[in-house]
Amino acid sequence: MEQTFHEIASSLVEIGRSFYARGWVLGTSGNFSAVLTREPLRLAITPSGADKAKLSAEQIMVVDREAKQIEDCASKPSAEALLHINVVLQRGAGAVLHTHSVWSTVLSNVHAAAGGIRIEGFEMLKGLEGVGTHEHREWLPIVENSQDMRTLAEHVSKILLLYPDAHGFLVRQHGLYTWGEDLGKAKRHVEILEFLLEALGRLQSITPERGSINDPKLEKRS
Ligand SMILES: [Zn+2]
């Protein structure tokens, strides 16, 4: 059953408060969207510069496939709306969530040279859609950050084509993008990936010699 705009807007508000409380979208960072209709594409999305702790359903906007807002209003849609649209079109996602957590920021820099982070051996991997075992190998690609949204959207598009099995990607020194068939599944993916990134980051901090995710020694043990 299709959700109404009001139901989706309420869910986006709830997610904003929950993620803010976890420290994943501080200082107006992060943005969230969900598909209202696919033909023509209409996306409910958080506005630019919104405090996620104080988000209200009235602030949620609607954009088309060019990231243009449908109705005139005082605020602007998130600057990263084009990235959401790429994920929706290329992955068939029903919802896209983007966080700016400490661990995604730190690890996306530490592993930038490798082009991504391999995550394996963790029970929490089973929270990713279609994953049934901790032995799953998740590759979380990293794209370079840019303030030019067209450039960033092109990079993201390439990454999505290159890694069709990835459940998310990192923007370097910026944050995490993940998605799902609906908002509930996308929220679960944020919780799972943020948990895994924090677990890896802490592991590296405590035991730097063992904590490298791309370390072949770690591969042998798992
Ligand atoms: Zn961002």
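Atoms within a ligand are numbered from 1 in the order they appear, just like the ligands themselves. Here the structure is a predicted model, which is why all the values come from computation and not from measurement. Nothing fancy with the numbering, it's 1 onward along the sequence.
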Next on the checklist: Considering the Zn ion (ligand 1), could you give the total of protein N/O/S atoms lying closer than 2.8 Å?
Outcome noted: 4
Checklist entry - Is V171 reachable from V106 through a run of hydrophobic residues whose side-chain heavy atoms are each under 4.5 Å from the next? => result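 Different clusters: V106 never reaches V171 through Ile, Leu, Val, Met, Phe, Trp or Tyr contacts under 4.5 Å.
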Checklist entry - Would you say the ring centroid of Y177 lies under 6.0 angstrom from that of H84? => result yes
Show me the side-chain donor-acceptor pairs of residues 9-28 shorter than 3.5 Å, one per line, residues at least two apart or across chains.
from, atom 1, to, atom 2, distance (Å)
S10, OG, H6, O, 2.9
S11, OG, E7, O, 3.1
R17, NH2, L55, O, 3.1

Item to check | Separation between CD1 of I85 and CG of D64, rounded to the nearest 0.5 Å | outcome: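 Atom-to-atom, I85:CD1 and D64:CG are 7.0 Å apart.
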Checklist entry - By salt bridge (charged side-chain N to carboxylate O under 4.0 Å, His left out), which residues pair with K158, not counting sequence neighbours? => result none
Checklist entry - Who are the side-chain contact (heavy atoms from CB on, under 4.5 Å) partners of E129, not counting sequence neighbours? => result H167, K185, R188, H189
